[in-house]
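What you see is a predicted model, and the numbers here were worked out from it, not measured in a lab. Order of the sequence lines fixes the chain letters, A, B, ..., with proteins taken first and strands second; residue numbering starts at 1 for each chain.
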Amino acid sequence: MPEGHTLHRLAGSIDAAFGESTPQVSSPQGRFADGATLLDGTELMGSWAHGKLLFVDFADERTLYVHLGLIGKWFVLPLPVPGEEPEVAGAVRLRLLSEEHVADLRGPMACQVVDPAEVSRLVGRQGPDPLQPDQDPDVAYARITGSGRSVAELLMDQTVVAGVGNIYRCEVLWRHRVHPLRPGRTLKRATWQTIWDDLVALMPWGVRTGSIITLDDVLEDVRAHLEAGDPVEVPREFAVYQRAGEPCLRCGSRVRHSVVAGRNLFWCGNCQRRT
DNA sequence: CCTCTATGGCGAA
DNA sequence: TCGCCCTAGAGGC
């Protein structure tokens, strides 16, 4: 699940469930025992994200920094029975518990208590985040334009753009007909601006729904349901991601696949051009 | 039961 | 470029 939208959505959930309260903090699995002890009994001020980095601010300048990595998951749920702690299932690194909510964190790549200087350092290394206001896409373009690295690689580099993962990467390149293996230096400023604007438009729907939406017809459907106040179930449909060998939704040509820098890359060999 | 995979990222070679 | 870390769920036998 974890591309940037997941973390921003989580930050919102944690804020809503635990903001300005003092949850019990524990580490049922034991691997975050010291950190849990440090935070337990401290007021949780609020939660926020930059790209794929998630922060939970506690009092006394203590911040919980979490990176889900590839397989981490954090479930924030209302208690089935208020006031009654649910049993722990699986390897729960960190649990937040209030009278009304529980939040179980499993399998994160990073889970640690950091000070404000470390927060600045971590965020300072990140590129602009399409999910936040007042971000500067030129900071990203400055790193793209001179680079011999592929556009695919650059889009996944969190120091270039923060929050884009493999799905948004593959899909947004398809949407703008950009071949993923083009060197960054061949990407025109206007094309980058279009890609950035598209991420700014698309990713909030991921935050809203909890699912990555990159197909316009899916987006229209979801928008209509939300406006009507209907419950929405977002179909897991993509243009190229994990569709190797299937026909491109735009031109019918076969979707290509290759492993680049250890990650699956998908694109249409016909309508995504190298030039 | 086992093996494989995943929307990440790090460090060693 | 590769191996490795973290976890759960799916699929094969």
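One side chain, A:R93 or A:Q29, offers a donor N or O that lies under 3.5 Å from an acceptor on the other. A donor-acceptor contact closer than 3.5 angstrom links the side chains of A:D57 and A:T63. Side chains of A:T214 and A:R175: a donor-acceptor N/O pair is absent below 3.5 angstrom, by distance only.
Residue A:R31 places at least one side-chain N or O closer than 4.0 Å to OP1 or OP2 of C:dC6. Phosphate contact (OP1/OP2 of B:dA6, side-chain N/O of A:Q242, threshold under 4.0 Å): present. Proximity of A:R263 to the phosphate of B:dG9: no side-chain N or O atom is located under 4.0 Å from OP1 or OP2. In terms of phosphate contacts, A:Y241 brings a side-chain nitrogen or oxygen within less than 4.0 Å of OP1 or OP2 of B:dT7. The phosphate of B:dT7 (OP1 or OP2) has no side-chain N or O of A:K52 nearer than 4.0 angstrom. The side chain of A:Q29 places no N or O atom within less than 4.0 Å of a non-bridging phosphate oxygen (OP1 or OP2) of C:dC6.
Among the protein residues, A:E171 comes within range of no part of the nucleic acid, since none of its heavy atoms lies under 4.0 Å from any strand. At the heavy-atom level, A:G90 lies under 4.0 Å from the strands shown only through sugar-phosphate atoms.
Heavy atoms from other residues, nucleotides or ligands lying under 6.0 Å from CD of A:E246 number more than 12.
Between A:R106 atom CZ and C:dG9 atom P the separation is 8 Å, expressed in whole Å. Summarising the geometry, the separation between CG on A:L105 and P on C:dA8 is reported as 11 Å, rounded to the nearest angstrom. Look at CZ on A:R243: it is 17 Å from P on B:dA6, rounded to the nearest Å. Atom CG of A:D104 and atom C1' of C:dA8 are 14 Å apart (whole Å). One interatomic measurement links the two molecules: CD1 of A:I167 to P of B:dT5, which rounds to 17 Å at whole-angstrom precision. In this entry the distance linking NE2 of A:H67 with C1' of C:dT7 reads 16 Å, nearest Å. Remark: P of B:dC10 and CE of A:M156 are 12 Å apart, rounded to the nearest angstrom. Taking atom CD1 of A:I212 as the reference point, atom P of B:dT7 lies 10 Å away to the nearest angstrom.
Counting only heavy atoms from C-beta on, A:Q158 has its side chain closest to B:dG9 among B:dG9, B:dA6, B:dG8. Proximity note for A:H5 (side chain, C-beta onward) versus C:dA8, B:dG9, B:dT7: the nearest is B:dT7. Closest contact between the side chain of A:N264 and the listed nucleotides C:dA8, B:dT7, B:dG9 involves B:dT7.
The side-chain tip of A:R189 does not point at the ring of A:W192 from less than 6.0 angstrom away and within 45° of straight on.
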Worked check of ring pair (Phe, Tyr, Trp, His ring centres under 6.0 Å) between A:Y168 and A:H5: CA-CA 10 Å; A:Y168 277 119; A:H5 68 293; 5.6 Å; yes

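Between B:dC4 and C:dC4, the distance separating the two P atoms is 14 Å to the nearest Å. For C:dC13 and B:dT5, the P atoms lie 14 Å apart once the distance is rounded to whole Å.
With hydrogens and angles left out, the side chain of A:R93 and the base of C:dT7 share no donor-acceptor pair within 3.5 Å.
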